[in-house]
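Here's the structure we're looking at; comments come further down.
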Protein chains: 2
Amino acid sequence: MKTADPELMRAINRFHVMDAIRRAGPIARVEICDLTQLSATTVSAITAALLEDGLVVPRALGGLRDPAPDLARGRPRVLLELNPQAAFVVGVKLTPDHITVSTTDFCANTCASLTLPIRISRQPVSVIADLVEDGVQRCVADAGIGMERVAGLCVGLPGRIERMTGLCQSSPIFGETNVPFAAAVQQRLGVPTVIESDVNLVTMAESWFGEARGIEDFLVVSLEHALGLGIMYRGELFRGANGLAPDLGGLLLGSHAIRLGAVASEAAILAQAQAVLNGSGHGASFRAGRGMAAVVAAAQAGNPRIIAILREAGEALGMALANLVALFAPRLVVLAGEAIGTGGVLLDALREAVTASLPPSHSPMPDLAVHRWSEDSWARGAAALTLRDLYGAPWNTTGPARPR
Amino acid sequence: MKTADPELMRAINRFHVMDAIRRAGPIARVEICDLTQLSATTVSAITAALLEDGLVVPRALGGLRDPAPDLARGRPRVLLELNPQAAFVVGVKLTPDHITVSTTDFCANTCASLTLPIRISRQPVSVIADLVEDGVQRCVADAGIGMERVAGLCVGLPGRIERMTGLCQSSPIFGETNVPFAAAVQQRLGVPTVIESDVNLVTMAESWFGEARGIEDFLVVSLEHALGLGIMYRGELFRGANGLAPDLGGLLLGSHAIRLGAVASEAAILAQAQAVLNGSGHGASFRAGRGMAAVVAAAQAGNPRIIAILREAGEALGMALANLVALFAPRLVVLAGEAIGTGGVLLDALREAVTASLPPSHSPMPDLAVHRWSEDSWARGAAALTLRDLYGAPWNTTGPARPR
DNA sequence: AGAATTTCTTCGCGTCACAAAAAAAGAGCG
DNA sequence: CGCTCTTTTTTTGTGACGCGAAGAAATTCT
C-alpha cells in the first residue's frame with residue numbers, strides 16, 4: 001500500500017465512479033452516489049472531469065422519461081455512460097495453431113476481429129512478432145481507426161508469462177525461453193503492450209462479461225490444448241509472489257510424481273486416444289486438429305477405452321480442483337474446453353470427483369458452470385485488462401509483484 | 001476497497017508511521033520520512049498526535065549521541081518508540097492437552113505467561129471457556145495489571161475457525177460444531193475477543209518476530225498434533241473467500257482419495273508407529289504424550305519401519321508443499337514440529353520431495369527454514385494480530401470476507 | 001561567542017470530500 | 001399560461017489533510 005495523498009484519494013474515487021458507470025451501464029449521478037457511497041458533490045466534480053476528458057458521455061436524452069411512478073417528477077436525470085470512442089484497445093491471443101486479433105472500443109465492444117489460422121508454434125520469435133504486427137495492423141484498419149488511437153495492446157498466450165517485465169519465461173508457442181515478447185511487439189507497433197497468461201484473459205472476461213459477473217472469488221479452468229487455471233481472489237487476479245499466473249498442469253497428482261498435465265490436458269487425452277483409435281479411420285481428424293471432436297464422438301458411441309481415458313482425466317482434474325476449491329473457497333468454478341463443453345463422461349467424472357473430494361466440512365459447494373467461449377471472449381478479456389489499467393485502478397494495477 | 005476521504009488518508013498514513021516505528025525500533029522522525037516517503041510535515045503532525053495519545057514515547061535521551069562521523073552535528077534526533085504501556089493484549093493457545101496464556105505489552109513483549117497442562121479436548125464448551133477465563137485472569141494478574149487495561153484478547157486453536165464471526169466451525173478441541181467461542185470468552189471477561197486458527201497465529205509471529213521478518217510471501221507448516229498451514233500472501237494472511245484459513249490436512253494426495261492428514265500428521269505417524277513399536281517398551285512414552293520423541297529416537301536408532309513411516313510422511317508433505325509453492329511462489333517456507341525440528345528422516349524426505357516435485361521451471365526454490373517455536377511464540381502471534389487491529393490497518397483489517 | 005549543521009515545527013497554499021444552500025429542469029394543476 | 005411541487009445537479013462555504021518553504025531549536029565546530 002502506498003502512502004496516501006490527495007491525489008491518491010481522487011484516483012481511488014475516480015476509479016470507483018468509472019467502475020460504477022462501466023458496470024451499471026447508463027446511470028444517473030444519483031445512482032452513482034448510492035453505489036459508491038460518495039457524496040453528490042464529489043460525484044458531480046468527478047463526473048464533470050470525466051466528461052471534460054471525454055471518457056464519459058451523457059446519454060442522448062431521446063425518448064427516455066422512464067415513467068416509473070415516482071421518478072417522473074422532478075428534474076430529469078442525466079444518464080452517463082462510457083464514451084465508446086474514448087479509446088481503443090487491441091487483444092491478441094496466440095495458440096499453437098492460430099492467432100486471433102480483436103479491436104474493441106472503450107466499452108470493450110468488439111469493433112473488428114480476425115483469426116489467422118497459422119501454425120505458429122516453434123516459429124522464430126521475430127516471425128511470430130511480425131505476424132502479430134500484421135494482424136494488428138489489419139484488424140485496426142478493419143475497425144476504421146488509426147493506430148494512433150489504440151491506447152493499449154494485450155497479448156495472451158499459454159505458458160509462464162511475466163506480465164510485469166513483459167517476458168515470456170516459457171511457452172509452447174516459442175522454442176526459446178525468456179522471450180521479451182511484449183517489447184518485441186511494442187517496438188513494432190509503437191503501442192503500449194502487455195503480455196498475459198491466456199487463462200487470465202478469459203478469467204477477466206468472465207469477471208466483466210460472463211458467468212462470473214460481479215463475483216469476487218471464482219476459478220476458471222480451461223481444457224484447451226494445454227490446461228489452464230485462472231483464479232480471481234477478492235476481485236483481483238491471483239498471482240503468486242513472483243507475479244506468475246497459477247499453473248494447473250504443473251500440479252502434482254499424487255505420490256507418483258505425475259503432473260496433472262500429463263493426464264488431463266487435451267494433448268494427453270489425444271495421445272492416449274490416438275493409440276486406441278489408431279486405424280479406425282480417425283487418422284484424418286487427428287491430423288486436421290479435430291482430434292478432440294473425434295474423441296468425444298467415440299465416447300458418445302460408447303467406446304469403453306475412450307470413456308476410461310476421459311473418466312480418468314476428469315477424476316484427476318476433479319481431485320486437483322477440489323484442493324483448489326478447499327484453498328480458495330470460490331463461489332463459482334467456470335469450466336471450458338472442447339471435451340468439457342460437450343458435457344459427457346469427462347465432465348461427469350469431474351463433478352463426481354470434486355464433490356467426493358471436498359473435505360466434508362467444506363460448505364457451500366461452489367457452482368460448477370460450463371461455459372463455451374467464443375474466440376473473441378479472449379480478446380474481450382484482453383480489452384478488459386487493458387481498460388482496467390487505463391481507468392487506473394490505483395491500488396493494485398492488476399498488479400504483479402509489487403516494487404517498493 | 002472503501003471510498004477515500006481525508007480520514008482514510010490520515011488513517012493510512014498513521015498506520016505507516018506506526019508500522020515504521022514498530023519495525024525500526026527507536027527511530028527518529030527523519031528516518032520515518034525516509035521509510036514512509038511522507039513529508040517531514042506530515043510525519044511531524046502524525047507523531048505529535050501519537051505522542052499525545054500516548055501510543056508512542058520519546059526514548060530517554062540518556063547517553064545516545066551516536067558519534068557516527070557526520071551525524072554528530074546538528075540538532076540531535078529524538079528517537080521515538082512504541083509505548084509499551086499503551087495497551088496490553090492477551091494471547092491464548094488451546095491444544096488438546098494444554099492451555100497457554102500470555103500477556104504482552106504494546107510492543108508485543110511478554111509480560112507474563114502460564115501454561116495449564118490440562119487435557120481439555122472434548123470437555124464441554126462452558127468448561128473450556130471457564131478454564132480460559134481463569135487462566136487469563138491469573139495471567140493478567142501476574143503481569144501486574146488490571147483487566148481494564150487489556151485491550152484485546154486472541155484465542156488460537158486448531159480447526160476451522162471463522163475469525164469474522166467468532167465461530168469455531170469445528171475443532172479437535174470441541175465435541176460440538178459451530179461453537180461461538182469468541183462470544184463465550186468475551187462475555188466472561190468483558191474484553192474484545194477474537195478467535196483465530198492457531199497456525200495463523202504463528203504465521204503472524206514469524207512475520208513480525210521470526211525468520212520471516214520483512215518477507216511478504218511465505219508459508220508456515222506446522223506438524224503438531226494436527227497439520228497446520230499458514231500462508232502469508234502479499235503481506236496479508238491468506239484466507240479463502242469464506243475467510244477460513246487453509247487446511248493442509250484436508251488436501252488430497254492423489255487419485256487414492258487419501259488426505260494428507262491421514263499420512264503426515266503427528267497423529268497419523270503415531271498411530272502407525274505405535275503398531276510397530278508395540279511391546280518394545282515405549283508404551284509409557286506414548287501414554288505420557290511423549291510419543292513423538294520416542295518415534296524420533298527409534299528412527300535415529302535405525303529402526304527401518306519407523307524410518308519408512310517418517311519417510312513416507314515427509315514425501316507426502318513435500319509433494320503437497322511443492323504444489324503450494326508452485327501456486328504461491330513464497331520466498332520462504334518455515335517448518336516446525338517435533339518430528340521436523342529434530343531434523344532427520346522426515347525432514348530429509350520432505351526436502352527431497354519438494355525439490356524433486358517443483359516444476360522444473362520454478363525458480364527460485366524458496367528457502368526451507370526449520371524453526372522450533374517456544375510456547376509463547378504462539379501467544380506473541382496472537383498479540384501481533386490484536387495489535388495490528390489496534391493500530392488499525394485501514395484497508396484490510398486482517399480482513400476476512402468483505403461485506404458489501 | 002558565533003558559524004555551521006542537522007532536526008523539527010510553523011505557516012501558507014492547494015486539493016479534496018462534504019454538508020447546506022441554491023439553481024435547474026421538468027410535472028401537475030388550476 | 002403561470003404557479004407550486006419534486007427531484008436532480010451545481011455552487012458555495014467549511015474543515016481536514018499533505019506538502020514545500022521558511023523559521024525555530026539544539027547541538028558541534030571553530
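The sequence lines fix the lettering, A, B, ..., with proteins before strands; numbering per chain opens at 1. Heavy atoms only: backbone and side chains are in, while hydrogens, waters and symmetry mates are out.
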Could you check how far CD1 of B/I12 sits from P of D/dA16, rounded to whole Å? 19 Å

Quick one: does A/S44's side chain have a donor or acceptor within less than 3.5 Å of a partner on A/A40's backbone? no

Return the value, rounded to whole Å, for the distance between atom NE2 of B/H16 and atom P of D/dC17. 17 Å

Please state how far atom CZ in B/R73 lies from atom C1' in C/dA3, giving the value in whole angstrom units. 11 Å

Within the distance-only criterion (no hydrogens, no angle test), does the side chain of A/N83 pair as donor or acceptor with the backbone N or O of A/V57 below 3.5 angstrom? no

Counting N and O atoms only, with roles assigned by atom type, does the side chain of A/R331 sit under 3.5 Å from a partner on the main chain of A/E216, one being a donor and the other an acceptor? no

Can you check the B/L79 CG to D/dT27 P distance for me, whole Å? 13 Å

Spacing of A/R77 atom CZ relative to C/dA27 atom P, expressed in whole Å: 15 Å

Apply the salt bridge (Lys or Arg N to Asp or Glu O under 4.0 Å) test between B/E81 and each candidate in B/R23, B/R59, B/R22; give the one that qualifies. B/R59

Figure out the CG/C1' separation between A/D34 and D/dT7, and round it to whole Å. 13 Å

Of the nucleotides C/dT9, C/dC8, C/dG26, which one has an atom closest to the side chain of B/S44? C/dT9

Could you go through nucleotides 14-18 of chain C and list every protein N or O atom that sits under 3.5 Å from one of its N or O atoms, giving the distance for each pair?
unit_1 : atom_1 : unit_2 : atom_2 : d
C/dC16 : O5'    : A/R10  : NH1    : 3.4
C/dA17 : OP1    : A/N13  : ND2    : 2.6
C/dA17 : OP2    : A/R10  : NH1    : 3.1
C/dC18 : OP2    : A/S39  : N      : 3.2
C/dC18 : OP2    : A/S39  : OG     : 3.4
C/dC18 : OP2    : A/T42  : OG1    : 3.1

A/V90 side chain reached by A/V191 side chain, heavy atoms, under 4.5 Å: no

Please check if the side chain of A/R234 supplies one atom and the backbone of B/G240 the other of a donor-acceptor pair under 3.5 Å. yes

Quick one: B/R75 CZ to C/dT9 C1', roughly how many Å, whole number? 8 Å

In whole angstrom, give the distance that lies between atom CG of A/L50 and atom P of D/dT9. 15 Å

